[in-house]
Peer 1: 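Below is one structure. I have some questions about it.
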Amino acid sequence: MKFTSVFDIIGPVMIGPSSSHTAGAARIGRVARDLFGRKPKWAKIHLYGSFAETFKGHGTDVAVVGGLLDFDTFDERIKTAFEHAKNEGLAFDIIPETANKEHPNTARIVMGDETGEMSVEGISIGGGKIEISEVNGFKLRLTGGMPAILVVHDDRAGCIANVANCLAMHHVNIGHMEVSRIERGQTALMVIEVDQNIDNRIIQQISLIPNITKVSKINN
Amino acid sequence: MDVLFHNVRELVELAEKENKLISDIMIEQEMNMSGRSREEIFTQMDRNLVVMEQAVERGLNGVQSVSGLTGGDAVLLQNYIASGKSLSGDLLLDAVSKAVATNEVNAAMGTICATPTAGSAGVVPGTLFAVKNKLNPTREQMIRFLFTSGAFGFVVANNAFISGAAGGCQAEVGSAAGMAAAAIVEMAGGTPAQCSEAFAITLKNMLGLVCDPVAGLVEVPCVKRNAMGAANAMVAADMALAGITSRIPCDEVIGAMFRIGQTMHPSLKETARGGLAATPTGKALAAKIFGSAVEVD
């Protein structure tokens, strides 16, 4: 089931005018920032399908930028997000694309700073609900509705078990997990949805496990 | 984590078997799924209700969107009701004006609660605050109105769609109107089965509704579609309470809506490339607002 809560239907509380194009867009931006782990210095925001066609009137552009600044869907500052971005030193480009994506409301955010870059693709599935469909080229399905961690690692035996053990030691229950790799023996990705927010100590510990390259989290 | 119902049939059967209201079943399911207490869930829904109340109030005082395409119609309707000359009845027009009020606030980038979406955010609160004056519900009953609406929206969202981009306006204002109709029936003392009939009757009459916003803005025709969604919900609720049933079962109506949405041309699904958006005036308005013509299929 894509929609699991009554508050997916009656809600979110948000700045208008469009739950798909404004609230969903803000959430994609915010989850992207969460995954990046800090405020990016720059962002290239690619908009596809209906997002690309109608972003100006829906404030999709300001909403994504607001999300990147960590604003929630009901944050009044969304309306003036461009000014806030300027003040906070976030440079951004809005790039409407003509290519067709699987879902009509898709945004791909490529962001970075002096220490790293990340690419996050999200889709807005209606009523303000979103899914993250791709991170750094890895296809995945992440709802953003549950706390989650993303672990980039080398594709080696025992890696997945080590991460699961570390979570078990801290009594973190795994709700849903996906593992994928682009090529055998190369870089792989674990997407782990968990029942509670994970604190930074645990993230730190996971990042010290052998063959782990990067750990990102989404709190809820 | 336990889902109690997947479709309207299961929802109504559960309510009937346990002699409960639709809202009870939705509340129990939410408790199961989220692990949160009844009190926490009620508190969150109460907050949503407050946002709806404030949006209606703000809209009834008059707002204008940035584009200038919408705003002020809720005030015109209230003045008309006050003149005592209304033909279709004060309660119906009150619902319509409050739906319009909410959507005018939405178009003006104000704060609203999506029900189920922002573009369709007027119908549920519009009807709720109108029937409130007639039925004098308790605060709890008003909150339950939102849970009942949510139960039907939950089924539609998981079995079809609720966004205009995915399924046209039938998925958006159509779902909202059906949700409102079902909730009105429960508040008026109707049975769970009558709630489902009201939903089916409403959605049947919204089938095929395209999403064709002028200039891609959630304004024209969205605001007036919320008005008609509210009116549709009120009439369907009365029909169901009168004992009228839908010949096509509720879940099959939702299935029909899904298939219609799937076969709808992309130009009619929120791309601003067809329908009213593609009329000469629609294109001229888009050019005026954005300084250049919007390309139309």
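Here is the naming used below: chain letters follow the sequence lines, and residue numbers restart at 1 for every chain. In this text, all values refer to a predicted model and were calculated from it rather than measured experimentally.
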Peer 1: Given side chains that start at C-beta, do those of B:E270 and A:P104 come closer than 4.5 Å, heavy atoms only?
Peer 2: no
Peer 1: Which one, B:T115, B:V124, B:V156, B:V66, leads in non-hydrogen pairs under 4.5 Å with chain A?
Peer 2: B:T115
Peer 1: State the CE-CZ distance between B:M33 and A:F7, to the nearest 0.5 angstrom.
Peer 2: 13.0 Å
Peer 1: Sort B:E30 into side chain, backbone, both or neither according to what part of it lies under 4.5 angstrom from a heavy atom of chain A.
Peer 2: side chain
Peer 1: Please determine, among A:N105, A:I15, A:T22, the option with the most heavy-atom pairs under 4.5 Å with chain B.
Peer 2: A:I15
Peer 1: Drop me the distance from B:T111's OG1 to A:M14's CE, to the nearest 0.5 angstrom.
Peer 2: 9.5 Å
Peer 1: Can you tell me which of B:P116, B:A114, B:A171 forms the most heavy-atom pairs within a distance under 4.5 Å of chain A?
Peer 2: B:A114
Peer 1: Examine whether an atom of B:F161 lies under 4.5 Å from a heavy atom of chain A, and if so say whether it belongs to the side chain, the backbone or both; otherwise answer neither.
Peer 2: neither
Peer 1: Filter on salt bridge (charged side-chain N to carboxylate O under 4.0 Å, His left out), then keep only pairs touching residues 191-206 of chain A, sequence neighbours left out; what's left?
Peer 2: A:D199-A:R201
Peer 1: Roughly how far, to the nearest 0.5 Å, is SG of B:C113 from CD1 of A:I10?
Peer 2: 6.5 Å
Peer 1: Atom OG1 of A:T4 and atom CG of B:N32: how far apart are they, to the nearest 0.5 Å?
Peer 2: 12.5 Å
Peer 1: With chain B, which of A:S19, A:G57, A:G126 has the greatest number of heavy-atom pairs at distances under 4.5 Å?
Peer 2: A:S19
Peer 1: Top residue by heavy-atom pair count (under 4.5 Å) with chain B, among A:E76, A:H21, A:H103?
Peer 2: A:H21
Peer 1: Quick one: OG1 on B:T117 to NZ on A:K129, what's the gap to the nearest 0.5 Å?
Peer 2: 15.5 Å
Peer 1: Please answer whether the main-chain N or O of B:M109 pairs with a side-chain N or O of A:K79 as donor and acceptor at a distance below 3.5 Å.
Peer 2: yes
Peer 1: Without swapping roles, check the side chain of B:N158 against the backbone of A:K2 for a donor-acceptor pair under 3.5 Å.
Peer 2: yes
Peer 1: Is B:I162 in contact with chain A via its backbone, its side chain, both, or neither, using a 4.5 Å heavy-atom distance?
Peer 2: side chain
Peer 1: Quick one: does B:R47's side chain get under 4.5 Å of A:V13's, heavy atoms only?
Peer 2: no
Peer 1: State, to 0.1 Å, how close B:F154 and A:F3 come at their nearest heavy-atom pair, and which atoms those are.
Peer 2: CE1-O, 3.0 Å
Peer 1: Measure B:I27 against the heavy atoms of chain A and call it side chain, backbone, both or neither at under 4.5 Å.
Peer 2: neither
Peer 1: Please report the closest heavy-atom contact between A:I9 and B:A157, naming both atoms and the distance.
Peer 2: CD1-CB, 3.6 Å
Peer 1: Between chain A and each of B:G164, B:G110, B:S67, count heavy-atom pairs under 4.5 Å; write down the option with the most.
Peer 2: B:G110
Peer 1: Counting only heavy atoms closer than 4.5 Å, note whether A:S5 contacts chain B via side chain, backbone, both or neither.
Peer 2: both
Peer 1: Does A:E83 have more than 12 heavy atoms from other residues, nucleotides or ligands lying within 6.0 Å of its CD?
Peer 2: no
Peer 1: Please flag which part of B:Q44 lies under 4.5 Å from any non-hydrogen atom of chain A: side chain, backbone, both or neither.
Peer 2: both
Peer 1: Let me know if A:P12 has heavy atoms under 4.5 Å from chain B in its side chain, its backbone, both or neither.
Peer 2: both
Peer 1: Please check if the number of heavy atoms outside B:R36 that lie under 6.0 Å from its CZ is greater than 12.
Peer 2: yes
Peer 1: Looking at B:Q262, I'd like to know if its CD atom is crowded, meaning that more than 12 non-hydrogen atoms belonging to other residues, nucleotides or ligands lie closer than 6.0 Å.
Peer 2: yes
Peer 1: Are there more than 12 heavy atoms of other residues, nucleotides or ligands under 6.0 Å from atom NZ of B:K224?
Peer 2: no
Peer 1: What part of B:M45 gets closer than 4.5 Å to chain A, counting heavy atoms only: side chain, backbone, both or neither?
Peer 2: both
